[in-house]
Amino acid sequence: MIDLQWIRANTELAKSRHSKRPNTSSEEIEHLIALDASRRSAQGKLDEAKTEANAAAQEVGKLFKTGQKDSAELLREKTKELKATTASLEQAMREANDALNAHWIQLPNLAFDEVPEGKNEEDNQEIRRSDRPCKEASATHWEIAERLNLLRMDLGVKLSGSGFPVYVGGMAKLQRGLVSYFLDEANKAGYAEFQVPHLVNEDSARATGQLPDKEAQMYEATLDGLFLIPTAEVPLTNLYRDALIHENDLPIKLTGYTPCFRREAGSYGKEVRGLNRLHQFDKVEVVQIVPPRDSKAAHQDMVHHVEALLDALEMPFRILNLCAGDLGFAAGITYDFEIWSPGQSRWLEVSSVSNFGTFQTNRLRLRYRDQDNNKIKPHTLNGSALAIPRIVSGLLEQGWDGEVVHLPKVLHAYVGMDRLTKQDVRL
RNA sequence: GGAGAGGUGGCAGAGUGGUAAUGCAGCGGAUUGCUAAUCCGUCAUCGUCUAAUAGCGAUGCCCGAGUUCGAGUCUCGGUCUCUCCGCCA
């Protein structure tokens, strides 16, 4: 959640940054400040009442000890009355606190200054693109996959439903190879590798901002109060929930491969053809936790990491600075990576690299001590490096020669072959 | 899933119902040829006051209810960890 102390001190700035997003108003910030003020005044009143009650209770103890039974009994009756007062003030305090939290937690992060104005994806700002040529009109990846018998959506439907693909032979190996390749590259770039749970509890989902915003996006195991992760960001970042670390531990750089589960309710048509949008897909994620002064550099660092991966895979790509309207709930700034799909003649998102500022830190209750022993809120960042099926669809369309799919050199050793050919698996 | 034991600050670790010891680490200071040692202070959160400190108040002993004038301590429910049993890749 956004930083309340900062907003108190920089109210006007907060309003303008908040209002950059569509469907927001500066009244929401004013309301937040008002709720905070009434919470604090409620606490003041409660504190006063409790001071009195505490003193009285102590006095009773003393009177009993010194044998003054009568006056003790008298005072005891009085403190009972005090109790009623504090009880009602306590109730008021709780209500003020709940009202504050209810409003606070549903406010999105403040957009960074560098975020362009805008309502939707049309207003995103292109940062740069690779100089690799974008091939024209080839076959789509689902046509290629069908020709080579690499993908069986129908079997996935039988097992689970639409959006749960079954990959066959070389395509399965390709995905496994990509996971290894991406993890190796992340390791080389200094990210420590983790294997984490694929189901998380409510606290974890709230801390990274999936709740309450994206409740409908996640699969939920209601019987156990667990959510299937929509991204490895959730378990990886939550490793540092409720933690007090030291500046010397920073920067923290984590990576992990997990499947990602997304309900994607309401998607349809060409959006969901082939591998475009899935309920389950594999992804390698990178996460950084850094001192506030370093977060912009860390963001660039992650962008360069993703860029290098796409270059090694010989992919034509472009980088977009998402406008305020397209920015996710928890993000302060996001760069999207899109690769060119010659089969579909459009750009497809393969990575999102975001800086969250202190938004997640506040929910995580994560702090670090600096050299002077001050407690500081670090910034968190994460990015896909990379989402596997979208890369696979790109590789299929880019490498297709009408007969086989040629794989980029860097993958030959990882996949154990230099091309994908027709699979003769029978089902 | 069953039985038992336990959960106290960054860490370790005390605490007959009367309002959270002590040690270590950290931070500030004092002393000191250097290093080390020693001494004093500080060292959870929120609020209040302030330019900022100091000060003052409240909260805080896994979470939530309850008993009581007063709960780390007593009662109930939950949760997590450990040990044993059962089941199991």
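Chain A is the first sequence line, chain B the second, and so forth, proteins listed ahead of strands; every chain is numbered from 1.
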Using nucleotides 87-89 of chain B, report all nitrogen or oxygen pairs with the protein that are shorter than 3.5 Å.
none

Protein N or O to nucleotides 75-79 of chain B N or O, pairs below 3.5 Å:
none

How far, in whole Å, is [M] from [N] if one measures between their [atom1] atoms?
N: A44(B); M: A52(B); atom1: C1'; result: 22 Å
N: A20(B); M: A58(B); atom1: P; result: 10 Å
N: C87(B); M: A21(B); atom1: C1'; result: 46 Å
N: A14(B); M: A71(B); atom1: P; result: 25 Å
N: U38(B); M: U31(B); atom1: C1'; result: 8 Å
N: G9(B); M: G64(B); atom1: P; result: 16 Å
N: G66(B); M: A12(B); atom1: P; result: 32 Å

Donor-acceptor list for residues 107-118 of chain A side chains, cut-off 3.5 Å, not counting sequence neighbours:
unit_1    : atom_1 : unit_2    : atom_2 : d
Asn109(A) : ND2    : Ala330(A) : O      : 2.9
Asn109(A) : ND2    : Phe356(A) : O      : 3.0
Glu114(A) : OE2    : Lys296(A) : NZ     : 2.7

Salt bridge (charged side-chain N to carboxylate O under 4.0 Å, His left out): pairs with one or both residues in residues 220-243 of chain A, sequence neighbours excluded = Asp242(A)-Arg365(A)
Check nucleotides 58-67 of chain B for protein N or O atoms closer than 3.5 Å to its own N or O atoms and list the pairs.
unit_1 : atom_1 : unit_2   : atom_2 : d
A58(B) : OP1    : Asn54(A) : ND2    : 3.3
A58(B) : O2'    : Asp47(A) : OD1    : 2.8
U59(B) : OP1    : Lys50(A) : NZ     : 3.3
U59(B) : OP2    : Asn54(A) : ND2    : 3.4

Check nucleotides 23-27 of chain B for protein N or O atoms closer than 3.5 Å to its own N or O atoms and list the pairs.
unit_1 : atom_1 : unit_2    : atom_2 : d
G26(B) : O2'    : Asn373(A) : OD1    : 3.2

